[in-house]
Amino acid sequence: MVIYDSVAKEKRRFVPQHGNDVTLYVCGPTVYDDAHLGHAKSALVFDLLSRVLRANGYHVTYARNITDIDDKIIHKAKERHVSIGEITTTYIEAYHHDMAALGIARPNLEPRATESIEAMIIMIEQLLANNHAYAIENGDIYFDTSSDHRYLTLSGQLQDADARRQRVESSHLKRHQSDFALWKAVHDESIAFEAPFGRGRPGWHLECSAMIEKHLARDGAYAIDIHGGGADLLFPHHENEAAQTRCATNHELAAYWMHNGFVTIEGEKMSKSLGNSFFIKDALKVYQGEVLRFYLLSTHYRANFNFNETDLLASKKRLDKLYRLKKRLFGLKAIAMVTPFQTQLLDALNDDLNVSKALALIDEMIVLSNEKLDINAKDKVAKKEALANIETIATLLGFGTNNPFNYFQHGIDTATRQTVEALIAQRNDAKRAKDFATSDALRDTILALGISLMDTPEGTFWERND
RNA sequence: GGCGCCAUCGCCAAGUGGUAAGGCCGGAGCCUGCAAAGCUUCUAUCCCCAGUUCAAAUCUGGGUGGCGCCUCCA
């Protein structure tokens with residue numbers, strides 16, 4: 001397997017530190033609002049990565065954190081006059097629901113910040129003991145970036161202090177502009193945690209380093225094999241995580257760093273300030289989760305992704321073809337077998353998750369299978385192979401996992417369904433009577449309901465139009 | 001201002017030194033009572049300029065144009 005390491009800025013052959021075991025940590029969401037398409041992209045990319053790693057025979061421990069204590073959460077709880085727990089429970093459930101709809105498997109571990117306070121306290125104490133952190137008058141504890149000789153080598157920022165001063169809000173109490181809070185002292189009645197160095201709340205960057213130490217880290221040069229997240233996290237979040245870990249422990253944080261590109265809408269990054277966030281739950285009202293999965297995964301993970309409906313529908317048509325083939329194979333049991341296609345598919349994905357190449361292989365496989373079945377509809381070998389190939393696609397990429405008939409009739413309500421089926425029965429009567437004028441008129445009626453008909457030797461099937 | 005990414009057919013998108021994958025859309029055909037689906041077939045020399053090389057979309061330099069990070073952020 002080859003992975004693009006966004007710190008080395010080149011593709012590197014992937015070699016785990018500990019034999020067959022792979023540790024993967026990905027920065028998850030802060031649960032103060034619904035998940036948007038950007039969250040989906042990140043979760044999808046690393047879901048795919050974990051699938052591909054496993055397909056290569058690795059034993060993967062995949063952790064994705066949940067930040068459930070944060071100023072934005074507290075703010076929202078106050079705004080709604082509810083507890084923080086109610087906010088986080090609501091959005092954690094929503095997150096899980098949305099991710100499941102996209103066919104994203106749950107990571108092995110989903111550590112929460114509030115359950116990792118002890119680990120964070122331990123790390124702060126290590127940093128204080130090593131003189132990598134200091135407390136200021138009000139009780140806040142900062143990481144001393146000047147004490148880390150490798151600071152900024154991860155992101156390659158290396159900017160001078162004057163440049164940063166322009167942008168960063170100055171805190172006269174910090175020793176250096178780039179120093180960041182490990183612990184924010186709390187003196188009032190608002191939510192806080194007890195710590196030897198005073199009541200307070202953890203800084204954001206700390207939790208990932210602490211959780212990694214607590215749940216994944218093993219002896220060696222690096223705490224874990226792969227650390228992932230959105231491209232916006234490289235600096236300062238991952239830079240700071242890396243600094244904390246190397247200064248508190250005797251190892252670097254991750255052997256490989258992977259960052260996924262952004263989902264943009266109309267060419268602009270989604271953000272609160274622009275008001276252009278596109279929530280997964282809203283997209284799911286219109287499109288099937290699997291179509292969204294296919295679309296969001298169809299562009300290489302490192303490239304920026306400009307979401308638009310035209311491209312989404314083009315992706316849907318591409319996925320449709322996989323399901324049309326599955327429809328032709330309906331009722332047959334898949335038999336485990338090895339085909340050249342499967343090897344090629346894994347090879348493509350092993351090249352830094354080259355999904356475009358994988359999709360091209362899938363298209364070619366579909367055409368070839370259809371061709372064989374057009375020549376001989378009872379070609380058993382072709383059917384067996386095609387089924388096995390579809391199984392592999394489902395396992396590796398999560399595409400084609402549904403019942404093909406349900407897929408094409410997605411979102412049709414019972415009333416419409418009954419109407420359509422009654423009209424089809426009428427039309428079949430007309431067809432039997434060779435009354436093609438009536439039968440064509442009925443098809444137009446059905447078409448007006450958004451339904452396409454397909455006459456086949458096995459009967460008339462219907463599909464929803466998009 | 002600093003750091004970084006990107007620019008391939010109408011649209012989406014691989015390929016990163018050896019002579020342009022795939023999909024969508026569109027044209028033609030086969031099949032079909034007519035359709036749909038499926039199949040066959042047709043459509044690019046890679047933003048511009050200069051350089052390196054036997055050979056460049058692919059490397060180097062310079063332009064132009066997008067985008068991201070530097071502040072919470074997937």
Side-chain angles (χ1 to χ4, degrees), chain A residues 6 9 11 26-30 32-33 35-46 64 67 70-72 152 155-160 162-164 166-169 178 204 228-237 239 259-264 267-273 277 295 298-300 302-306 308 310-321 324-325 327-328 348 351 354-364 366-375 377 408 431 434-437 439-440 443-444 447 451-456 460-463 465:
Chain A
S6 44
K9 290 188 170 55
K11 283 187 188 178
V26 175
C27 290
T30 301
Y32 70 103
D33 204 350
H36 60 215
L37 295 174
H39 294 108
K41 176 77 182 181
S42 174
L44 281 165
V45 166
F46 294 104
R64 184 182 61 207
T67 303
D70 158 280
D71 289 348
K72 292 187 291 292
L152 297 184
S155 62
Q157 288 291 304
L158 299 175
Q159 52 196 276
D160 61 76
D162 289 338
R164 286 183 59 77
Q166 305 284 323
R167 296 290 305 258
V168 180
E169 193 181 321
S178 53
W204 174 49
D232 54 341
L233 298 179
L234 179 56
F235 186 85
H237 186 54
E239 185 73 60
H259 291 92
N260 63 275
F262 284 105
V263 180
T264 59
E268 293 282 340
K269 181 183 173 180
M270 278 184 283
S271 78
K272 285 275 167 188
S273 53
S277 293
Y295 176 48
S298 65
T299 293
H300 188 82
R302 278 188 279 122
N304 283 161
F305 187 95
N306 189 29
N308 70 81
T310 308
D311 296 342
L312 186 150
L313 289 175
S315 273
K316 183 189 177 297
K317 290 190 174 183
R318 206 171 184 179
L319 180 59
D320 284 353
K321 296 199 300 184
R324 291 239 158 73
L325 177 60
K327 224 171 166 181
R328 295 183 82 160
D351 181 11
N354 191 336
V355 176
S356 293
K357 200 169 171 183
L359 293 184
L361 288 166
I362 291 172
D363 286 324
E364 285 165 14
I366 292 170
V367 168
L368 189 69
S369 300
N370 277 324
E371 201 178 357
K372 285 180 180 169
L373 294 175
D374 278 356
I375 292 167
F408 286 111
K431 275 180 67 182
K434 303 249 188 256
D435 180 0
F436 296 122
S439 112
D440 288 351
R443 180 170 49 211
D444 289 343
L447 199 59
I451 304 295
S452 289
L453 296 184
M454 322 174 84
D455 292 327
T456 76
T460 301
F461 296 109
W462 61 274
E463 293 183 358
N465 283 332

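Each chain gets a letter, A, B and so on, in the order the sequences are listed, and its residues count up from 1.
In this structure, A:Ser298 and A:Phe305 approach most closely via the heavy-atom pair OG-CE1, 4.4 Å. Across A:Ala360 and A:Arg318, no two heavy atoms sit closer than the pair N-NH2, 3.9 Å. Residues A:Arg64 and A:Ala43 approach most closely at NH1-CB, 3.8 Å, considering heavy atoms. Nearest heavy-atom pair across A:Leu361 and A:Ala348 is CD1-CB, 4.0 Å.
With rounding to whole Å, A:Tyr32 atom OH is found 11 Å from B:A74 atom C1'. Distance A:Leu361 CG to B:G23 C1': 13 Å, rounded to the nearest Å. What separates CD of A:Glu364 from P of B:C39 is a distance of 12 Å, to the nearest Å. The CZ atom of A:Arg302 sits 13 Å away from the C1' atom of B:G4 (whole-angstrom rounding). We find that NZ of A:Lys372 is positioned 17 Å from C1' of B:U40, with the value rounded to whole Å. As a whole-Å value, the separation of A:Lys72 NZ from B:A74 C1' is 12 Å. In this structure, the CZ atom of A:Phe235 is 7 Å from the P atom of B:U71, given to the nearest Å. When the P atom of B:C6 is taken as reference, atom CZ of A:Phe262 falls 15 Å away, rounded to whole Å.
For A:Glu239, the side-chain hydrogen bond (donor to acceptor under 3.5 Å, both in side chains) criterion is met by A:Ser155, not counting sequence neighbours. In terms of the side-chain hydrogen bond (donor to acceptor under 3.5 Å, both in side chains) criterion, residue partners of A:Arg328 (sequence neighbours excluded) are, by chain and number, A:Asn370, A:Asp374. Among residues two or more places apart in sequence or in another chain, the side-chain hydrogen bond (donor to acceptor under 3.5 Å, both in side chains) test is passed with A:Ser439 by none. By the side-chain contact (heavy atoms from CB on, under 4.5 Å) test, A:Ala231 is found to be paired with A:His259, A:Phe262, residues two or more places apart in sequence or in another chain being considered.
Using P as the reference atom, B:G61 and B:G22 are 33 Å apart when rounded to the nearest Å. Across the C1' atoms, B:U43 and B:C6 are found 27 Å apart, a figure rounded to whole Å. B:A36 and B:G29 have their P atoms separated by 13 Å, given to the nearest Å. To the nearest whole angstrom, the two P atoms, one in B:C9 and one in B:G15, are 16 Å apart. Comparing B:G38 with B:C5, their P atoms are spaced 41 Å from each other, to the whole Å. Comparing the P positions of B:U40 and B:C24 gives a spacing of 12 Å, expressed to the nearest Å. Rounded to whole Å, the separation between the C1' atoms of B:C3 and B:C46 comes to 28 Å. Between the C1' atoms of B:A44 and B:C11, the separation comes to 13 Å (whole Å).
Base engagement by A:Gly261 is indicated by at least one non-hydrogen atom pair under 4.0 Å involving a base atom. Nucleic acid contact for A:Lys9: sugar-phosphate only, since backbone atoms but no base atoms lie under 4.0 Å from a heavy atom of the residue. At the heavy-atom level, A:Ser315 lies nowhere under 4.0 Å from the strands shown. In this structure, A:Gly38 reaches the bases: a heavy-atom distance under 4.0 Å links it to at least one base atom across the strands shown. The residue A:Asp363 sits close only to the backbone: its heavy atoms come under 4.0 Å of sugar-phosphate atoms, none of a base.
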Strictly under 3.5 Å: I want the nitrogen or oxygen pairs between protein and nucleotides 35-38 of chain B, one per line.
unit_1 : atom_1 : unit_2   : atom_2 : d
B:A35  : N6     : A:Asp455 : O      : 3.2
B:A35  : N1     : A:Asp455 : N      : 2.9
B:A35  : N3     : A:Arg443 : NH1    : 3.2
B:G38  : O3'    : A:Asn370 : ND2    : 3.1
B:G38  : O2'    : A:Asp374 : OD1    : 3.3
B:G38  : O2'    : A:Asp374 : OD2    : 2.6

Would you tabulate the pairs of protein nitrogen or oxygen atoms and nucleotide nitrogen or oxygen atoms of nucleotides 12-20 of chain B closer than 3.5 angstrom?
unit_1 : atom_1 : unit_2   : atom_2 : d
B:A13  : O2'    : A:Ser356 : OG     : 3.0
B:A14  : OP1    : A:His300 : N      : 3.3
B:A14  : O5'    : A:Ser356 : OG     : 3.2
B:A14  : O3'    : A:Asn354 : ND2    : 3.3
B:G15  : OP1    : A:Asn354 : ND2    : 3.3

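Heavy-atom distances to RNA chain B give each of A:Phe436 and A:Leu359 a nearest nucleotide, and the one nearer the 5′ end belongs to A:Leu359. Nucleotides of RNA chain B nearest to A:Thr264 and A:Leu233 differ in position, and the one nearer the 5' end is that of A:Thr264.
Of the nucleotides present, B:C3 is the one that pairs with B:G68 by Watson-Crick or G-U wobble criteria, both distances under 3.5 Å. Across all strands shown, B:C24 forms a Watson-Crick or G-U wobble pair with B:G10, both key distances being under 3.5 Å. Across every strand in view, B:C31 sits unpaired, with no contact that passes the Watson-Crick or G-U test at under 3.5 angstrom. For B:G18, the paired base is B:C54 (Watson-Crick or G-U wobble, both distances below 3.5 Å). Base pairing analysis places B:G61 opposite B:C49; the two distances defining the Watson-Crick or G-U wobble pair are each below 3.5 Å.
Panel note: side chain A:Tyr295, backbone A:Leu313; no donor-acceptor pair is recorded below 3.5 Å.
A salt bridge does not link A:Lys317 with A:Asp320: every distance from a Lys NZ or Arg NE/NH1/NH2 to an Asp or Glu carboxylate oxygen is 4.0 Å or more. Look at A:Asp351 and A:Lys11 and you find a salt bridge, because one of the NZ, NE, NH1 or NH2 atoms lies within 4.0 Å of a carboxylate O, short of that distance.
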Report the C-alpha distance between A:Ile362 and A:Ile366 in whole Å, list the side-chain angles of each, state the deciding distance to 0.1 Å, and finish with yes or no for side-chain contact (heavy atoms from CB on, under 4.5 Å). CA-CA 6 Å; A:Ile362 291 172; A:Ile366 292 170; 3.8 Å; yes

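Side-chain nitrogen and oxygen atoms of A:Lys317 include at least one within less than 4.0 Å of the OP1 or OP2 phosphate oxygen of B:C25.
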